[in-house]
Amino acid sequence: MDAIILQILNGLDKGSAYAMIALGLTLIFGTLGVVNFAHGALFMLGAFCAVTLQRLLSLSYTVEDPTQKDFLGNPLKVDTPYIVSWFGDSAGNAILNWSVPLAILFAIPVMLLIGYVMERGLIKHFYKRPHADQILVTFGLAIVIQEIVKYFYGANPIPTPAPDVFRGSVDFGVMIGFAPNEIIYPYWRLVYFFFSAAIIGAVFAFLRFTTFGMVVRAGMADRETVGLLGINIDKRFTIMFGIAAAVAGLAGVMYAPINSPNYHMGMDFLVLSFVVVVVGGMGSLPGAVLAGFLLGVLESFASMNEIKSVLPGIDQIIIYLVAIIILLTRPRGLMGRRGVMEE
Amino acid sequence: MLGLSKKDTTFLLIVIFLTLATPILLQPFPEGSPLAQFNAGYPDLMQRFAIYGIFAIGFNILFGLTGYLSFGHAAFLGVGSYSVVWMYKLLSYNVLPGLILAIITSALFALLIGYVSLRRSGIYFSILTLAFAQMSFNLAYSVLTPLTNGETGLQVYTDDPQVLMSAGAPTSPHLFGIVMNESTKIDVNGWQFTFSNGYYFCAIIAIVVFYLSLRIFRSPFGIMLRAIKTNQTRMSYTGLNARPYTLAAFVISGMYAGLAGGLLAAMDPLAGAERMQWTASGEVVLMTILGGAGTLMGPVLGAGFIKYFENIFSKINDTILHSWFSALPDGLEDAVVFMLHPFIGKGWNLTLGLLFMLVVIFLPGGLIEGGTRIWNLVTGKSRKTRSIVKDSEHQPKPPVHVN
């Protein structure tokens, strides 16, 4: 039992990332009808927002401290971040320490802007082109974004630690009535899961309970009629693209402490996220979220030693295998509607 | 000749001439001149042209003719390479058994993947092929290590059986004694030409498969494939089942990819799983689109273009840039070099990505369409005769709904 709960927990953090990226992909596909291969790159850009903010905050100047001497007897040179000198020791260091959560505030406007520019500058011209062209141009864009990031940040992963409070692990088993030390789970992954649940909930609430969301939903169902009612639906869809980009970006920001960001992390997630979207049902928002968590958990179960010893290598291919089976037996995915993109 | 029309025969003869004369044509600058770095006439690069040309020609039979965009063709490339190296290990360094096995295994593999993937079309087909290729890649790295030697890559060791290996046989890939990486160098007052066995072996195979693809393009089968691309629904209304045709195209293009993979291992007796990764599949898509999907020469041009500029761009560095722009005033020179710096050397992929985007946006027909446009501009032909641009309005589009 405890092993099962542990595997479910282990699958949740990856599942959260899949769910958030797949949600954005589905939003874009549902509103604009565009298959966005650059969505993984947006996830990666989010993670690099965290890196950038961390670097900006830790910009520092060097002062010579005459009270201390280094081993040669010269005055010791001390690097002091500007933040620390502006806000004082405790506040400054706290800000530095909390750079990843702070990066959320930094990433939202940045990613919204990137999404807006991407849609207006490029995707807009591809509505009427075949899906293959959309895949190709966004694939090209993904390469370009990836290479630009590589140019500025190098090819190596950049460690981006979580705040000290969230380091270490929580003894999760005790909370739900198991013996101590049976289910140990890193704090940050728990945070990541709750964060993604909040974001996904917020997106759904936004679509369900606001006028804006209502119009967008109406536009997804019948774009032309909404346009005929005198509503500028294109503008709202552009904003939805920005929101989808921001969701992917936030997924990336919070993922940075789990896996040190590198320039190709987006591509790794993209392939899997597409599989998730297909399994969930192209165009179904709840389907994308459900499939994201489901596949994340499934992947973690497949990597249990008990299962690996029976079916070696299953952990490497389980997601693809599930996708192939789903596509062949139930082409519209788990929650896709009949007749939507079945062929 | 050979069942081709007069026009096609001339075309084929030109292609044969160009392919055979490549070592001379790609060496336009004398050795030691400052422009010698733009020469491409060395064996390794020319072999790459031929091999990736074969790969792209094969991919074009699927994508160019039927419009099915496969994102998993690198899997066949990898399978081909592994087959050849296994034949080196078991029999001898003769490449022929390996290449035959490579074609057979990749055909079987393509039959399996194609049979499953072709049940769906459009984006689902792309994702299915992508999933299969990633599965093969992941398996090659993990469970199939006895077959693929995992991360190290498959290579020939001294304790391998090599049952057909005779005493005096060469210890690198060869064809009945003709060693692949041997070459003859000829010096003609300053110009140096390298005629390598490996290149001519690849080139002859490339010509043969190009001829085959020409025949396929002109055959009723090829026309059927184009019909699938144009309007599959209408085709099925006329009582034709499209799937056997698409499956045949898929298997053929898989065999081309397997052959290309085998030739890669004939160049260098190594096979690694990274050849199967989806970025490698993306590369062949880039080549085909860049050159012009659905045209005969396009994919080959695209493959040559990408491989040539990959090589050239990776060699250029800031010092070379400074020497080019030394005529400019100092400040401007530094500015220009600074601007160009991200695109050269290691930045080649950035250039490639940008170029690819530009081609997809402005020139969906690739280099071939660009060439035709310029030709029409020069000869002053009317716009009407220009090749017809793809008409997306007349392709069936499913409605989009979200709940």
Side-chain angles (χ1 to χ4, degrees), chain A residues 26-27 29-31 33 35 122 125-126 128-133 135-137 139-148 150-151 155 217 220-223 267 271-272 274-275 277-278 282-286 312-317 319-321 323-324 327-328 331 335 337 339-343, chain B residues 63 67-69 71 116-117 119-124 126-128 130-139 141-144 232 278-279 282 285-286 289 293 341-343 346-361 364 390 392-393 395-403:
Chain A
T26 312
L27 268 180
F29 182 76
T31 51
V35 181
L122 180 71
H125 307 288
F126 277 79
K128 295 223 165 129
R129 305 264 292 258
H131 280 310
D133 279 9
I135 294 178
L136 293 170
V137 80
F139 177 59
L141 181 68
I143 297 178
V144 169
I145 295 177
Q146 196 172 310
E147 290 301 317
I148 291 173
K150 186 178 163 195
Y151 178 71
R217 276 187 294 131
M220 285 184 192
D222 191 342
R223 181 189 185 132
M267 285 288 186
V271 178
L272 289 170
F274 259 106
V275 170
V277 170
V278 167
M282 204 85 183
S284 158
L285 295 174
I314 188 74
D315 55 322
Q316 304 282 331
I317 60 166
I319 289 191
Y320 303 109
L321 213 58
I324 289 165
L327 268 185
L328 294 178
M335 297 179 75
R337 260 206 246 141
V340 180
M341 284 291 288
E342 276 198 43
E343 263 310 311
Chain B
F63 177 60
Y68 277 72
L69 175 60
F71 252 98
V116 180
S117 310
R119 283 156 175 266
R120 308 252 76 87
S121 60
I123 175 180
Y124 288 112
S126 305
I127 291 173
L128 271 173
L130 181 61
F132 272 114
Q134 282 297 96
M135 254 169 77
S136 323
F137 168 70
N138 284 344
L139 286 178
Y141 256 128
S142 57
V143 202
L144 295 180
Q232 197 170 344
W278 77 287
T279 42
V285 179
L286 297 186
I289 304 280
H341 177 74
F343 299 100
K346 284 178 185 162
W348 154 245
N349 278 331
L350 178 60
T351 321
L352 180 64
L354 278 175
L355 194 71
F356 178 66
M357 277 174 68
L358 292 177
V359 166
V360 177
I361 296 169
K390 232 187 291 168
S392 61
E393 288 298 310
Q395 290 187 340
K397 244 194 236 104
V400 175
H401 289 292
V402 167
N403 52 2

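Remember, predicted model here, so these are calculated numbers, not experimental data. In the text below, chain A, chain B and the rest are named by the order of the sequence lines, each starting its count at 1. When reading the values below, keep in mind they use all heavy atoms of this one structure, side chains included, and skip hydrogens, waters and symmetry mates.
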Are the side chains of [X] and [Y] in touch, meaning some heavy atoms are under 4.5 Å apart?
X: I361(B); Y: L122(A); result: yes
X: F71(B); Y: V271(A); result: no
X: I319(A); Y: Q134(B); result: no
X: F356(B); Y: L136(A); result: yes

ask   = Given that the side chain runs from C-beta out, which part of I317(A) has a heavy atom under 4.5 Å from chain B: side chain, backbone, both or neither?
value =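 Answer is both: backbone and side chain atoms of I317(A) are under 4.5 Å from chain B.
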message = For F63(B), give me all partners under ring-ring contact (aromatic ring centres under 6.0 Å, His included), at least two apart in sequence or on another chain.
response =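 F63(B): ring-ring contact (aromatic ring centres under 6.0 Å, His included) contacts with F59(B).
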ask   = Who are the ring-ring contact (aromatic ring centres under 6.0 Å, His included) partners of F126(A), not counting sequence neighbours?
value =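 Partners of F126(A) under the ring-ring contact (aromatic ring centres under 6.0 Å, His included) test: none.
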For residues [X] and [Y], report the shortest heavy-atom separation together with the two atoms involved.
X: M135(B); Y: I324(A); result: SD-CD1, 3.8 Å
X: V360(B); Y: D133(A); result: CG1-O, 3.9 Å
X: I135(A); Y: S126(B); result: CD1-OG, 4.3 Å
X: P364(B); Y: R129(A); result: CG-NH2, 3.6 Å

For [X], is it the side chain, the backbone, both, or neither that has a heavy atom closer than 4.5 Å to a heavy atom of chain A?
X: I127(B); result: side chain
X: L354(B); result: both
X: V285(B); result: side chain
X: L69(B); result: side chain
X: L358(B); result: neither

